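Atoms within a ligand are numbered from 1 in the order they appear, just like the ligands themselves. The figures here come from the full heavy-atom set of this structure, side chains too, leaving out hydrogens, waters and symmetry mates. Predicted model, so just to flag it, every value in this text is computed and none were measured.
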Amino acid sequence: MILHNDRPEDLETPLRYFDSYLTPNDVFFVRQHLPRPAPIDPAAYRLSVSGMVSKPVELTLADLQKLPQHTLPAVIECTGNGRAFYTPKLPGIQWGRGAIGQAEWTGPRIADILKLAGAADSAAYLETDGADRGVAATPDFVRSMPMKKALDPATLLALKMNGQPLPEIHGAPARLIVPGWDGTSSVKWVVRLSAIGQPNAGFFMNPGYRYPKHALLPGSAPNPAELEVIEGMPVKSTITAPEDQARLRLGAVTIRGFAWAGEQSIGRVEVSTDGGSRWRDAQLSGNKLPYAWRLWKIEWTPADPGFYTVMSRATDSAGNVQPIVSAWNPSGYLWNAIDRVGVLVEKA
Ligand SMILES: Nc1nc2c(c(=O)[nH]1)N[C@H]1C(S)=C(S)[C@@H](COP(=O)(O)O)O[C@H]1N2
Ligand SMILES: [Mo]
């Protein structure tokens, strides 16, 4: 893993692990703001469901396991994935391409959990608290989302990741999976769900994780009143091979990568090997599903030695296409420009 911080751990997945549809648990990227909570004993675990409900409940892991279990593949991408590519440079973790992963998540629907407590119709938001706490001035990790997304049948409280019990570092025993939304929404170590009337106003909702409503002059300060909560993630593709600055012998090359599009699905990925003059369709594998990525590849036989700029550009099911330029923003979020790598092809 690429180590950005070690206490708490912020770990990026190296590109070589992205050639499989599911990212193995032990190489799945890790993002933590606060010291990891003490390991939660599964027998002592309690999930409190509270707030605007007719019957507050405390659920055990066994209660959650008794609810119907659902499994779906979904990407988790950190909002700051690709921050290192912005100019002017920004503070924050310098994530390259690997603050992302895809796993098969299994657990009960949030909708089924809320039914046990009887959430009021007037509760427009769901607040979620993770067991990690702030130290000194840093705040508790709490997020909220509109109830409409919380009640979506794809929104889960995951108890398993790729068929295994959730690893401790990824939120054991239970984490939210909010498919297609920024990674921050997928709260780990969930200990409380509360039905509420207004969005949570804590640090991790405001000013944290907000994006300018109107594009800013690069390097300038935003007007805080014009920052909005980030929800769905944009269409994007990543080239996994060849890697940037690779040296290749003249001959056939397979260019490969993956592409995803938040709540949309991927219908097309194009590749250019001449700096964006001409584009060819890559071959996609897997199914056209929302929330999930698709692997893609294309064969390329350069005619001559030389330096080549290889690019990939994805289009999603809503017709959104990756831009040439990703809009600069003061936190370095939502990088989704057309991916590009430079490769030197040398005489065989
Ligand atoms: N409780 C808690 N949940 C959290 C976080 C956190 O710091 N604490 N980080 C969030 C962020 S910013 C991301 S990108 C994802 C990362 O999930 P992972 O570490 O399992 O890859 O978890 C989210 N859930
Ligand atoms: Mo994140």
J.: Check this for me - ligand 1, His33, N or O atoms closer than 3.5 angstrom, yes or no?
T.: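 Yes; the residue has a nitrogen or oxygen that sits under 3.5 Å from a nitrogen or oxygen of the ligand.
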
J.: Quick one: do the Gln69 and Thr106 side chains pair a donor with an acceptor below 3.5 Å?
T.: no

J.: With a 4.0 Å cut-off on heavy atoms, is Arg175 in contact with ligand 1?
T.: yes

J.: Check ligand 1 against Phe28 and write out every atom of the ligand that is under 4.0 Å from a heavy-atom position of the residue.
T.: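 That gives atoms 21 (O) of ligand 1.
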
J.: Record the part of Trp95 in heavy-atom contact with ligand 1 below 4.0 Å; permitted values are side chain, backbone, both and neither.
T.: neither

J.: Could you walk me through whether Tyr333 and Tyr209 pass the ring pair (Phe, Tyr, Trp, His ring centres under 6.0 Å) test, one step at a time?
T.: CA-CA 8 Å; Tyr333 292 147; Tyr209 292 101; 5.4 Å; yes

J.: How many angstroms lie between NZ in Lys89 and CZ in Arg83, if you round to the nearest 0.5 Å?
T.: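 Between Lys89 NZ and Arg83 CZ, I get 11.0 Å after rounding to 0.5 Å.
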
J.: Within the 3.5 Å criterion, strictly below it, is a donor on Asp182 or Ser185 matched to an acceptor on the partner's side chain?
T.: yes

J.: Could you name the option among Ile177, Asp132, Asp182 that has the heavy atom nearest to atom 8 (N) of ligand 1?
T.: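 Heavy atom nearest to atom 8 (N) of ligand 1 belongs to Asp132.
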
J.: Would you check the N or O atoms of Cys78, main chain and side chain alike, for any that come under 3.5 Å of an N or O of ligand 1?
T.: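 By distance alone, the answer is no.
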
J.: Is the shortest N/O to N/O distance between Thr79 and ligand 1 below 3.5 Å?
T.: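 By distance alone, the answer is no.
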
J.: Tell me, which protein residue and heavy-atom name are nearest atom 24 (N) of ligand 1, and how many Å apart are they?
T.: Ser186 O, 3.0 Å

J.: Could you check atom 9 (N) of ligand 1 against the protein and tell me its nearest heavy-atom contact, residue, atom and distance included?
T.: Arg31 O, 3.4 Å

J.: Mind checking whether Trp293 and Phe18 have parallel, tilted or perpendicular rings, split at 30° and 60°?
T.: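 Perpendicular.
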
J.: List the atom pairs, donor and acceptor, that lie under 3.5 Å between side-chain atoms in residues 219-228 and the rest of the protein, sequence neighbours left out.
T.:
from   : atom 1 : to     : atom 2 : distance (Å)
Ser220 : OG     : Leu217 : O      : 2.7
Asn223 : OD1    : Ala225 : N      : 2.9

J.: Return the closest protein heavy atom for atom 10 (C) of ligand 1 as residue, atom name and distance.
T.: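 Among all protein heavy atoms, the one nearest atom 10 (C) of ligand 1 is Thr184 CA, 3.8 Å.
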
J.: Please tell me whether His4 and Gln94 have a donor and an acceptor in their side chains that are separated by less than 3.5 angstrom.
T.: no

J.: Using a strict cut-off of 4.0 Å, indicate which atoms of ligand 1 neighbour a heavy atom of Gln32.
T.: 7 (O)

J.: For atom 5 (C) of ligand 1, what's the nearest protein heavy-atom neighbour? Residue, atom name and distance, please.
T.: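 Minimum-distance protein heavy atom for atom 5 (C) of ligand 1 reads Phe141 CZ, 3.6 Å.
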
J.: I'd like to check whether Lys188 has a polar contact with ligand 1, where a contact means an N/O of the residue lying under 3.5 Å from an N/O of the ligand.
T.: yes

J.: Parallel, tilted or perpendicular for Phe141 and Phe204, by the 30°/60° rule?
T.: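 If you compare the ring of Phe141 with that of Phe204, the planes turn out tilted.
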
J.: Only one of Glu263, Glu77, Glu231 clears side chain to side chain donor-acceptor pair (under 3.5 Å) with Trp181; which?
T.: Glu263

J.: How long is the straight-line distance from CG of Asp26 back to CD1 of Ile169, given to the nearest 0.5 Å?
T.: 11.0 Å

J.: Looking only at protein heavy atoms, identify the closest one to atom 23 (C) of ligand 1 and say how far it is in Å.
T.: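 Result for atom 23 (C) of ligand 1: Gly183 O, 3.3 Å.
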
J.: Does Glu77, backbone or side chain, put an N or O under 3.5 Å from an N or O of ligand 1?
T.: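 Among all N and O atoms of Glu77, none is under 3.5 Å from an N or O of ligand 1.
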
J.: Which protein heavy atom lies closest to atom 21 (O) of ligand 1, and at what distance to 0.1 Å?
T.: Phe29 O, 2.6 Å

J.: With only distance considered, is Trp189 within less than 3.5 Å of ligand 1 through an N or O on each side?
T.: no

J.: Is it possible for you to check whether Arg256 lies under 6.0 Å from the centre of the six-membered ring of Trp296, through NZ or CZ, and within 45° of that ring's axis?
T.: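 No, Arg256 does not lie over the aromatic ring of Trp296.
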
J.: Atoms of ligand 1 less than 4.0 Å from Val187 heavy atoms?
T.: 1 (N), 3 (N), 24 (N)

